[in-house]
Amino acid sequence: ANYYELVCTYFRNSNLTSYIRYVNRFAILLEEKLEQDSTAINIYIEAINTWRNKKGKDNIDYASLANSLAETDEENNQLTKADSLYQEAKIILKKIVGKYDYGYASVIFNLAHLQKKLGNLDLAEQYFLEVAEIDSVTIGEHHPDYIDYTLLTLANFYDLKNEPLKANK
């Protein structure tokens with residue numbers, strides 16, 4: 001057996017939360033460093049099914065896995081599957097941690113970009129504006145990340161929509 005299988009067997013049998021977090025990190029490594037998306041997708045699916053069967057869906061770890069799998073699906077042009085998983089993660093996180101949370105904002109940001117890809121620009125705009133509102137409350141309007149990242153993303157989006165007056169607000 002390889003190291004991954006040994007660690008998964010140990011955690012799966014002793015500590016499900018550690019198992020899920022390990023699997024999530026391992027799948028991200030496969031995607032980002034080794035470019036093995038299909039293997040990562042299989043690992044995410046195994047982890048999601050294991051967690052759902054043992055702990056249910058209403059928890060942060062499940063939502064994190066759903067978001068990670070959605071990102072991978074989106075990269076592989078499985079946009080409908082990605083949308084469904086992002087929506088699921090959004091609902092869970094909003095219920096558990098509330099709207100003003102980094103994890104929730106990340107899912108909304110991902111949804112905004114996905115909707116932009118799908119050509120649903122009005123829905124994408126709603127999501128980008130929601131992220132801007134969350135960031136203005138959580139990190140503040142004078143924080144460099146809010147100015148350099150959140151507002152710049154919104155300005156670029158309005159430039160794409162050919163609405164320069166909104167981009168300059």
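The first residue of the sequence shown is numbered 1, and numbering continues consecutively from there.
Side-chain atoms of Asp61 and Leu65, non-hydrogen and from C-beta on, never get closer than 4.5 Å to each other. Side-chain contact between Ile108 and Phe128 is absent, with no heavy-atom pair separated by less than 4.5 Å. With contacts defined as side-chain heavy-atom distances shorter than 4.5 Å, the pair Val107/Leu93 qualifies. A 4.5 Å side-chain heavy-atom check between Leu114 and Tyr127 finds every atom pair outside the cut-off. Looking only at side-chain heavy atoms (C-beta outward), Leu129 and Gln126 stay at 4.5 Å or farther from each other.
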- Query: Given Phe157 and His113, is the side chain to side chain contact (heavy atoms under 4.5 Å, CB included) satisfied, shown in steps?
  - Reply: CA-CA 9 Å; Phe157 174 74; His113 280 282; over 6 Å; no
Requested in this report: List the steps and the verdict of side-chain hydrogen bond (donor to acceptor under 3.5 Å, both in side chains) for Gln115 and Asn120.
Outcome: CA-CA 5 Å; Gln115 295 306 319; Asn120 301 328; 2.6 Å; yes
Practice prompt. List the steps, then state whether ring pair (Phe, Tyr, Trp, His ring centres under 6.0 Å) holds for His142 with Tyr146.
Written response: CA-CA 7 Å; His142 301 291; Tyr146 179 77; 8.7 Å; no
task = Report the C-alpha distance between Asn110 and Asn67 in whole Å, list the side-chain angles of each, state the deciding distance to 0.1 Å, and finish with yes or no for side chain to side chain contact (heavy atoms under 4.5 Å, CB included).
result = CA-CA 9 Å; Asn110 291 342; Asn67 185 55; 3.0 Å; yes
Take Lys117 and Glu74, measure what salt bridge (charged side-chain N to carboxylate O under 4.0 Å, His left out) needs, and give me the verdict at the end. CA-CA 10 Å; Lys117 272 186 191 176; Glu74 184 177 352; 3.2 Å; yes
### Task
Could you check Glu130 against Tyr104 for side-chain hydrogen bond (donor to acceptor under 3.5 Å, both in side chains), going step by step and ending with a plain yes or no?
CA-CA 11 Å; Glu130 185 174 356; Tyr104 178 79; 2.9 Å; yes
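Side-chain atoms of Asp159 never come within 3.5 Å of backbone atoms of Ala155 as a donor-acceptor pair (strictly under, hydrogens ignored). A donor-acceptor distance shorter than 3.5 angstrom exists from the side chain of Thr72 to the backbone of Ser68, with no hydrogens or angles considered. With Ser106 contributing its side chain and Tyr102 its backbone, the two residues share a donor-acceptor pair below 3.5 Å.
With sequence neighbours excluded, the residues that form a side chain to side chain donor-acceptor pair (under 3.5 Å) with Glu125 are Tyr158, Lys161, Lys166.
Side-chain heavy atoms closer than 4.5 Å link hydrophobic residues (I, L, V, M, F, W, Y) into clusters, and following such links, possibly through other members, connects Leu79 to Tyr86. Linking Ile, Leu, Val, Met, Phe, Trp and Tyr residues whenever their side-chain heavy atoms come within less than 4.5 Å leaves Leu154 and Leu152 in two separate clusters. Both Leu121 and Phe109 are members of a single hydrophobic cluster when ILVMFWY side chains are connected at heavy-atom separations under 4.5 Å.
Listed here is the closest heavy atom pair of Ile92 and Ala63: CG2-CB, 3.9 Å. Heavy-atom minimum distance, Ala105 versus Val131: O-CG2, 3.8 Å. Contact record, Ile147 with Leu151: O-CB, 3.6 Å, taken as the closest heavy-atom pair. The two residues Ala124 and Ala112 have their closest heavy-atom pair at CB-O, 3.4 Å.
Heavy-atom contacts from other residues, nucleotides or ligands closer than 6.0 Å to OH of Tyr149 number 12 or fewer.
Between atom CG of residue Leu85 and atom CG of residue Leu111 there is a gap of 10.5 Å, rounded to the nearest 0.5 Å. Interatomic distance, CD of Glu71 versus CG of Asp73, reported as 10.5 Å (0.5 Å rounding).
For residues 83-111, the salt bridge (Lys or Arg N to Asp or Glu O under 4.0 Å) pairs, not counting sequence neighbours, are Lys57-Glu88, Asp58-Lys95, Lys99-Glu133.
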